[in-house]
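The figures here come from the full heavy-atom set of this structure, side chains too, leaving out hydrogens, waters and symmetry mates. Note that the structure is predicted; figures quoted are calculated from it, not measured.
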Amino acid sequence: MTGTQAETTAEPKASVRPWRAWLLEGLSDQSARHPGPHGTPPAEHKGHTWWRVMCLTGVDYFSTLGYQPGIAALAAGLLSPLATLVLLALTLGGALPVYRRVAKESPHGEGSIAMLERLLPWWAGKLFVLVLLGFAATDFMITITLSAADASAHVVENPFAPGWLHGENLWITLALIAALGAVFLKGFREAIGIAVVLVGVYLALNLVVLADAVWHVVTEPVVVGNWWDAMTAEHSSPLAMIGVALLVFPKLALGMSGFETGVAVMPQVRGDASDTYENPAGRIRDTRKLLTTAALIMSCFLLVSSLATTILIPEDAFKAGGQANGRALAYLAHQNLGEAFGTVYDVSTIAILWFAGASATAGLLNLVPRYLPRYGMAPEWTRAVRPLVLIFMAIAFFITAWFNANVDAQSGAYATGVLVLMLSASFASTVAVHRKGRRGAAIGFGVITAIFAYTLVTNVIERPDGIKIALLFIIGILVTSFASRVHRAFELRAAEMTFDKKALRLIDECAQAGPIRVIANEPQERDMAEYRAKEYSQREATHIPGGGPVLFVEVTVPNSSDFTGDVTVRGVQHHAVRILRVEGPVVPNTIAAVLLELRDRTGKVPHAYFNWTEGHPLSHLLRFLVFGDGEVAPVTREVLRRAEPDPARRPRIHVG
């Protein structure tokens, strides 16, 4: 079976149109080595040191400095530093412990979604994963569009920008997204070297800007006094300030955006020479260093930037159309360090924001093929990179046009995606430690889960655009997924087929008498009387030639929600009754795969014998789609018809 499938996937080059071959390049590669910074490295790849991989996740995480201080000032006003302190407490005391646990539980880059998939079996798990994929798609897609929109704001507000660019944020954003798509269509391989340079330069420039801002605050203490007087005049007491900060800090949640990316890039971390796939202890340790270091660096920058921008920038400058809107630190760079330095800062910010979109695109290119094709909920061509890139770019264009490339308008959707993934990670961590009997850790993670739930609900209530966007993604994924599953229902769906020695011996014995005759049986008592009665009724109803041996085939379905799976065939013999007991993802498709394997092994076309099933055809169709059985005979025949175009080589189906 495996060889047959490989031949089907890799079509002859001459029969494929050049544009189609280019578009589907890499489709036959089953290793999921997608280009981009989140791609699974090849087997010979030795990985990178953790700090270099930190720069890879940093293009997403650290680039939020480009817009986070401005969004915080808009959301919390004069209380922005206090609200940022609350955010940092949740980052270091909540998100960081959660994702350190995720790194341990899911060390191969699958993240919290895979943890929850393991916790919830059957269809419930699949549906839950599809919903989470909708929120993950929201997170990554808004990363692309929001980062490009903020990059366009830095382009337009630069004093050296041509006059005709002013007011053209939408078209600049669309051009940046198109350039991003072009890079991935061409082929985007190694990103860590670029990420190290971008992150190093960007953080160094931010350090200069913030150091200068701190110097202005220290040498001009009156600005601190003015800020404090304004804040105390606006809020009656310190307790009132703390209360307001607790209420508004959910709006700042996108300052925690890098953790999911941090665990996604785990396969790139080198770890120790003694690491194994089952126990990558060194990789887990170094990924935890990566997460901790990134969180500490970002916390320091967020706190200082929040203080500096709130104290030194007038409130009106943060509003829509203001010079600091979406670019608070760039405003300080231009104002305090000159237009030349400010332009260098703008170029660095534009580059890292654009590369954050590349990071998000690569994350999507690894996330979608990891789940949907395996569930049968996407066509096989979604394993190829270029068709997905075109789809993602089209969605990014639509979102950008919808929000008119407005950074503030997209922040709610971004925060919603981030918070849902963090909530799922904290819940998965709670369940994981609870199952290991660690009651104290389970209580701690449970408290973090409750805080993230509050933060998410508050964010959704105040900025419902985020949940609307996420719901559109979820509905789109669910509808297309189930339509794809129905469309692909008649594929063979057997990943790898394994026969034990006894099964092979029984097959060879039956083949000596001519074409193998197979009776499909749904086992009940599994005693001699059942098999004798079944054989007698089939010989009478379908006129099996008398005297020849028959093989009974019995299929059990461990999990009918799986679309494909490995098929194992065990041989069993009760006196003269020969039985092949098979485990597969669905009954008729598995029988079809077994029949084709019998033909290939014996060189003779086998015959299979079935009974008609009583009941309404529609109910049988639903049973087939949900439970994997239904009316087996006609479905088996249809699977064989699609799998084997030559009628002379197609196994024969008899129904009585």
Side-chain angles (χ1 to χ4, degrees), residues 34-39 56-68 71 133-155 169-186 188 191 194-195 198 254 257-258 260-261 264-265 326 349-369 385-418 420-421 465-466 468-470 472-473 476-477:
H34 303 289
H38 299 176
L56 189 57
T57 186
V59 295
D60 177 14
Y61 195 17
F62 300 145
S63 68
T64 56
L65 286 170
Y67 45 81
Q68 170 75 3
I71 290 175
L133 284 176
F135 285 107
T138 304
D139 181 7
F140 285 123
M141 288 304 307
I142 300 296
T143 298
I144 296 169
T145 58
L146 186 147
S147 298
D150 194 53
S152 70
H154 283 78
V155 172
N169 297 58
L170 175 61
W171 296 107
I172 296 171
T173 304
L174 292 176
L176 289 171
I177 293 172
L180 179 68
V183 168
F184 277 89
L185 288 174
K186 186 179 184 301
F188 193 58
I194 302 172
L198 286 177
L254 45 144
S257 63
E260 196 72 26
T261 312
V265 299
T349 305
I350 293 166
I352 197 168
L353 286 168
W354 184 81
F355 207 73
S359 177
T361 304
L364 284 167
L365 290 173
N366 283 271
L367 198 63
V368 170
V385 169
R386 291 186 176 112
L388 285 179
V389 170
L390 293 174
I391 292 173
F392 296 151
M393 293 305 107
I395 295 171
F397 280 8
F398 174 77
I399 293 173
T400 299
W402 187 0
F403 286 109
N404 197 30
N406 187 300
V407 174
D408 300 329
Q410 296 180 70
S411 63
Y414 191 12
T416 299
V418 170
V420 168
L421 292 180
D465 276 348
K468 291 176 183 177
I469 290 287
L472 287 176
F473 276 110
I477 286 175

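- Looking at heavy atoms from C-beta onward, Ile469 lies in side-chain contact with Trp402 at the 4.5 angstrom threshold.
- Contact annotation: the side chain of Trp171 never approaches that of Thr400 to less than 4.5 Å [non-hydrogen atoms, C-beta and beyond].
- Under the side-chain hydrogen bond (donor to acceptor under 3.5 Å, both in side chains) criterion, Thr416 pairs with Asn459, sequence neighbours left out.
- Smallest separation of non-hydrogen atoms from Ile350 and Ala151: CG1-O, 3.6 Å.
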Next item on the list: For Leu65 and Thr349, run side chain to side chain contact (heavy atoms under 4.5 Å, CB included): C-alpha distance rounded to whole Å, both residues' side-chain angles, the deciding distance at 0.1 Å, then the answer.
Entry: CA-CA 9 Å; Leu65 286 170; Thr349 305; over 6 Å; no
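- Each of Asp60, Val418, Val420 was checked for a side-chain contact (heavy atoms from CB on, under 4.5 Å) with Asp139, and the lone residue meeting it is Val418.
- Residues meeting the side-chain contact (heavy atoms from CB on, under 4.5 Å) test with Ser63, sequence neighbours left out: Ile352, Leu353, Ala356.
- At a threshold of 4.5 Å between non-hydrogen side-chain atoms, the residues Phe473 and Ile395 count as touching.
- Atom CZ of residue Phe398 and atom CZ of residue Phe403 lie 9.5 Å apart, to the nearest 0.5 angstrom.
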Pair up each side-chain donor or acceptor in residues 172-184 with any protein partner under 3.5 Å, not counting sequence neighbours, and list the distances.
| from | atom 1 | to | atom 2 | distance (Å) |
| --- | --- | --- | --- | --- |
| Thr173 | OG1 | Ser152 | OG | 3.0 |
| Thr173 | OG1 | Asn169 | O | 2.7 |

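- Using a 4.5 Å cut-off on side-chain heavy atoms (C-beta onward), Gln410 and Ile399 make contact.
- A distance of 11.0 Å separates CG in Leu170 from CG in Asn406, rounded to the nearest 0.5 Å.
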